[in-house]
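Here's the structure we're looking at; comments come further down.
Values below: all heavy atoms of this structure, side chains included; hydrogens, waters and symmetry mates excluded. We count residues from 1, following the sequence as given.
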Amino acid sequence: MASTVLVVTALEDVTADWVIGALNQREVPVVRVDPADIGPALTFGFRIGEDRPVWGGRLRTASREVELGEVAAVYYRRPTPYAARFEHLPRQQREFATAEARHGLGGVLNHLHSARYVNHPSAVTRADFKPAQLQRFAELGLTIPPTLVTNTIEAARKFAADHGPVLYKTFRGLPRDEDGHTGAIWAQRVAPDAFDDSLTVTAHLFQAEIPKTGDVRVTVVGRRVFAQQIAAPDGALDWRRGDWNELIHAPITVPAQVEAALYSYLASFGLVFGCFDFALTGGAEDPGHWTAIECNPNGQWGWLPDAADITEAFADILSTEGGGRP
């Protein structure tokens, strides 16, 4: 019976380390692989044919080896982009090698027969668009903030007039710069008189500012729910912008109606796990006071006070002991 968990992630991934540690304690076989290591440190030979209608063969890393048929679950975390492996090549060769690796190695690893993915990369991609997230929240009956996606001054000013004060948020984080450094643009208030022709250059996301009484991070792993109310000591509009070690956490109960919607949300995108952010506008026992902001389908949770319990939940769902096979 297949029992190995394949962990697809970069070398420096503390979150994956914790889950692997929990699986090791259960004596669940684990193989960790970063697809961008393709080369002498990562080799493979995969086969399919009329006599075997599913992919088989062996995958070898510098320290592990696994037969594809032994893989019961795949923990897809944050692998290094394939392009990083070929940065030294001229552009045409780099793009060719990157595409071949992604479609060849990735094409097999993303379609392992009967393996449970947490989460499948294609599901993560589908669920990673904020407009899709907000629409699904609304379809499920959750409260969402009035939102505008635009590249025109007129639409932005009218929205601000109708719903001000208004916040600006990015759809994605800042990409790496020439030196490999990343950054962030936090949620921020914007004044209507700041809108100018630069809006037309790209898409912008504006939301009505919610008169919130607090923020909540809800981590859902399978059918287990972990919820923490979060406050920044300085009362920052966006709690993510400060020192996360200084954040104040308190466990909170998710209303049954909201919890049911979260299960439905994940199922609709083919997800097993997700990190949801909510703004509270009143008493936590009233579902109407929970305003859904976004869901990160591959979010971080290692900094939360209940990280140890979340780790065990991941180990449960990835191992055969916890029903890792669908």
Side-chain angles (χ1 to χ4, degrees), residues 81 83 95 121-179 181-218 232 235-242 258 261-262 264-266 268-271 274-282 288-299:
E95 293 182 356
S122 63
V124 171
T125 299
R126 286 196 306 271
D128 211 20
F129 292 85
K130 288 184 181 178
Q133 295 176 15
L134 291 166
Q135 179 168 297
R136 191 67 186 121
F137 287 147
E139 291 170 346
L140 291 169
L142 294 173
T143 302
I144 62 171
T147 303
L148 172 72
V149 176
T150 188
N151 75 329
T152 74
I153 302 174
E154 295 77 17
R157 287 178 176 168
K158 184 177 189 310
F159 184 79
D162 293 341
H163 299 286
V166 168
L167 305 180
Y168 166 73
K169 299 180 180 180
T170 61
F171 295 100
R172 303 291 299 166
L174 283 176
R176 295 182 183 276
D177 61 19
E178 292 79 4
D179 298 322
H181 300 132
T182 59
I185 299 176
W186 310 113
Q188 54 191 284
R189 298 181 180 92
V190 290
D193 57 9
F195 299 143
D196 58 31
D197 289 337
S198 63
L199 280 178
T200 62
V201 172
T202 190
H204 296 75
L205 174 67
F206 298 106
Q207 287 185 330
E209 182 174 351
I210 302 299
K212 64 182 181 181
T213 58
D215 292 281
V216 178
R217 166 60 67 90
V218 182
L237 176 66
D238 190 333
W239 55 263
R240 298 170 300 174
R241 71 181 305 161
V258 174
L262 299 188
S264 297
Y265 177 97
L266 293 177
S268 68
F269 283 107
L271 299 170
C275 292
F276 296 85
D277 287 323
F278 285 87
L280 286 181
T281 58
H289 290 159
W290 289 64
T291 299
I293 303 299
E294 64 180 301
C295 173
N296 189 331
N298 200 4

Rounded distance (nearest 0.5 Å) linking atom CD of Gln207 with atom CD of Glu294:
8.5 Å

For Phe159 and Phe195: C-alpha separation, side-chain torsions, deciding distance, then whether ring pair (Phe, Tyr, Trp, His ring centres under 6.0 Å) applies.
CA-CA 12 Å; Phe159 184 79; Phe195 299 143; 9.4 Å; no

Report yes or no: does Arg126 contribute a side-chain atom to a donor-acceptor pair with the main-chain N or O of Phe269 at less than 3.5 Å?
yes

Can Phe276 and Leu142 be said to form a side chain to side chain contact (heavy atoms under 4.5 Å, CB included), step by step?
CA-CA 12 Å; Phe276 296 85; Leu142 294 173; over 6 Å; no

Atom CG in Asp162, atom CZ in Arg157: separation rounded to 0.5 Å?
14.5 Å

Closest contact, heavy atoms only, Ile210 versus Ala279:
CG2-CB, 4.5 Å

Determine the minimum heavy-atom distance between Gly282 and Thr213, stating which atoms define it.
N-OG1, 3.5 Å

Looking at CG of Leu266 and SG of Cys295, how far apart are the two atoms once the value is rounded to the nearest 0.5 Å?
6.0 Å

Taking all non-hydrogen atoms of both residues into account, name the closest pair between Arg136 and Ser264 and its distance.
NH2-O, 4.4 Å

With Asp277, the salt bridge (Lys or Arg N to Asp or Glu O under 4.0 Å) member among Lys169, Arg217, Lys130
Arg217

Take atom CZ in Phe171; do more than 12 heavy atoms of anything else shown fall under 6.0 Å from it?
yes

Can you give me the closest heavy-atom contact between Val124 and Leu271, atom names plus distance?
N-CD2, 4.1 Å

Side chain to side chain contact (heavy atoms under 4.5 Å, CB included) evaluation trace for Leu205 with Val149:
CA-CA 5 Å; Leu205 174 67; Val149 176; 3.9 Å; yes

Rounded to the nearest 0.5 Å, the CG atom of Leu280 sits from the NE2 atom of His289 at a distance of 9.5 Å

Closest non-hydrogen atom pair between Asp197 and Thr200, with its separation:
O-OG1, 2.8 Å

Where is the tightest heavy-atom contact between Ala160 and Pro192, given as atom of each residue plus distance?
CB-CG, 3.7 Å

Look at the rings of His204 and Tyr168 and say which category their plane angle falls in: under 30° parallel, 30 to 60° tilted, over 60° perpendicular.
tilted

Counting only heavy atoms not in Gln188 (residues, nucleotides, ligands), do more than 12 fall under 6.0 Å from its CD?
yes

Would you confirm whether Glu209, through its side chain, and Pro165, through its main-chain N or O, come within 3.5 Å as a donor-acceptor pair?
no

I'd like to know if the side chain of Lys212 and the backbone of Phe278 have a donor-acceptor N/O pair within less than 3.5 Å.
no

To the nearest 0.5 Å, atom NZ of Lys158 lies from atom CG of Leu148 at 10.0 Å

